[in-house]
Number of protein chains: 2
Amino acid sequence: MIKQRGQVVIDKILDTAERLFFTQGYHITGINQVIEEADIAKASLYKHFGSKTDLLVAYLQRLHECWFNKLEADVNKEVDPKAKLLILFDHHLERQVRNGYGGCRFIKANDEAGMSDERVLAEIQKAKQHLKDFIARLVVNSGHQKLLTDKELTGLIFMMLDGGIIAASIFKQADDLQSAKAIIQKLL
Amino acid sequence: MIKQRGQVVIDKILDTAERLFFTQGYHITGINQVIEEADIAKASLYKHFGSKTDLLVAYLQRLHECWFNKLEADVNKEVDPKAKLLILFDHHLERQVRNGYGGCRFIKANDEAGMSDERVLAEIQKAKQHLKDFIARLVVNSGHQKLLTDKELTGLIFMMLDGGIIAASIFKQADDLQSAKAIIQKLL
DNA sequence: TATTAAATAGACATAGTTGTCTATTTAATT
DNA sequence: AATTAAATAGACAACTATGTCTATTTAATA
């Protein structure tokens, strides 16, 4: 499967948008900066994406797919059903450290543009719901001690992940996320 | 204590900025919209606040004070030390419902402008640290069952609050925040 | 009431925004 | 090699952004 000419341009745009939307923010990033750093022409961008909002939606869709595949792959490496749940924390912790505590791209997008466009909100909801469903399956198969119900444990892990990522992005350190893992370990 | 002339203007500016920065977002809100809806002159704004960033910092400072005072007052109404911790969830849940699941103003500001100005980040860190210290004190005095250490329970509550608020602002409902309260209740 | 300070309206400068359009060059396909 | 499609540079329109400045009016104080 060789890469079409158009796909190269699309990838360059999305790579650049992903980097800039994340490190700078969506509104602060101008189309002119995207085309300059992606090294493509403005007309090319507007040929593939009808508007800046369309680009944001496409960015979120691709992010959802890439991010979730990596997460699933990481979890699948582990066989112990309880350890699978703990990997969720390792995965997110490692990501936060690597990207300089930039927080969650979906939450960022929601805070910047979730109110303004329903497609944006829908993509963010889809991604987060996907994660929650994934956690729920892992919880059911974990054989945990049932100190909490399956639903409670699922919600707990889901909220601790986001809460821990938020704490990391505010305090620029991963102590809370590390601590979250230890807490879940006790409750499994 | 009568209100000075200048203070009326400052209050009108901060009230409007608070409303717009929260409902629309910081970058999307222009100075021209602020002065128009606050019904004051542009020169007045720039007399009291040197720049838009200064206005954001001032907004966060005032928010920190007002929000925390209300939270503390709510908690102080309750005498039972364990129930005091649960009030934290009631308080935030009620706020989220009332403001249409708009999320946390500090997290929003961090996601929009935390990277761009160190004073902004500092104010956000101050507010969140203040809350964490407050929770820590309540935990120490709660007489909880010590299934988790004081530090762990503090971190858990802190992360569940932010995680629950995030979930509310994404899914536009308070189920997770409600569930968070039930979970903490079990662990107290 | 006269003085002083503050708030006002609104023009203005400068720069940036998204998005469109044209003319040209590049590359793939027949 | 000729044709077709895509990407290019860059000018341009229309609008918005922040921030400054002047001239005027309003209000508090002495």
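- As rounded to whole Å, 18 Å separates atom C1' of C:dT20 from atom NZ of A:K52.
- The cluster map of Ile, Leu, Val, Met, Phe, Trp and Tyr, joined by side-chain heavy atoms under 4.5 Å apart, puts A:L138 and A:L147 in the same cluster.
- With sequence neighbours left out, the side-chain contact (heavy atoms from CB on, under 4.5 Å) criterion links B:S116 to B:A113.
- A single hydrophobic cluster is not seen to contain both A:M115 and A:L60; linkage of ILVMFWY side chains at heavy-atom distances under 4.5 Å, directly or through other members, places them apart.
- Within residues 12-31 of chain A, no residue has any heavy atom under 4.0 Å from DNA chain D.
- Take B:N141 and apply the side-chain contact (heavy atoms from CB on, under 4.5 Å) test, not counting sequence neighbours, and it matches no residue.
- Among the heavy atoms of the strands lying under 4.0 Å from A:D39 are primed sugar atoms or P, OP1, OP2 only; no base atom is included.
- Comparing the start and finish of the helix from C:dT1-D:dA30 to C:dT30-D:dA1, five pairs each, the helix axis swings through 20°, to the nearest 10 degrees.
- Crowding of B:K151 atom NZ: a count of heavy atoms from other residues, nucleotides or ligands under 6.0 Å not exceeding 12.
- Residues in residues 99-122 of chain B take part in these ring pair (Phe, Tyr, Trp, His ring centres under 6.0 Å) pairs, two or more places apart or across chains: B:W67-B:F106.
- Applying the salt bridge (Lys or Arg N to Asp or Glu O under 4.0 Å) test to every pair with at least one member in residues 131-140 of chain B, sequence neighbours left out, gives these pairs: A:D176-B:K132.
- Remark: B:K42 engages B:N32 in a side chain to side chain donor-acceptor pair (under 3.5 Å) (not counting sequence neighbours).
- D:dT16 atom P lies 14 Å from atom CD1 of B:I35, rounded to whole Å.
- A heavy-atom distance below 4.0 Å to DNA chain D is reached by these residues of residues 41-51 of chain B, ordered by number: B:K42, B:A43, B:Y46, B:S51.
- At a threshold of 4.0 Å, the pair B:R98-B:E94 counts as salt-bridged, since one of the basic side-chain nitrogens sits closer than that to a carboxylate oxygen.
- Salt bridge A:E123/A:K126: present, at least one basic N to carboxylate O contact under 4.0 Å.
- One atom, CG of A:N32, and another, C1' of D:dA13, lie 14 Å apart when rounded to the nearest Å.
- Rounding to whole angstrom units, CD of residue B:E36 and P of D:dT18 are separated by 13 Å.
- For B:F134, the ring pair (Phe, Tyr, Trp, His ring centres under 6.0 Å) partners two or more places apart in sequence, or in a different chain, are B:F68.
- Taking A:H64 as the reference, A:H130 meet the ring pair (Phe, Tyr, Trp, His ring centres under 6.0 Å) condition, with sequence neighbours excluded.
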Produce the list of close N/O pairs, under 3.5 Å, pairing protein atoms with atoms of nucleotides 24-26 of chain D; give distances to one decimal.
{"from": "D:dT26", "atom 1": "O2", "to": "B:R5", "atom 2": "NH2", "distance (Å)": "3.4"}

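- Residue pairs that meet the ring pair (Phe, Tyr, Trp, His ring centres under 6.0 Å) test with at least one member in residues 41-62 of chain B, sequence neighbours left out, are B:F21-B:Y59.
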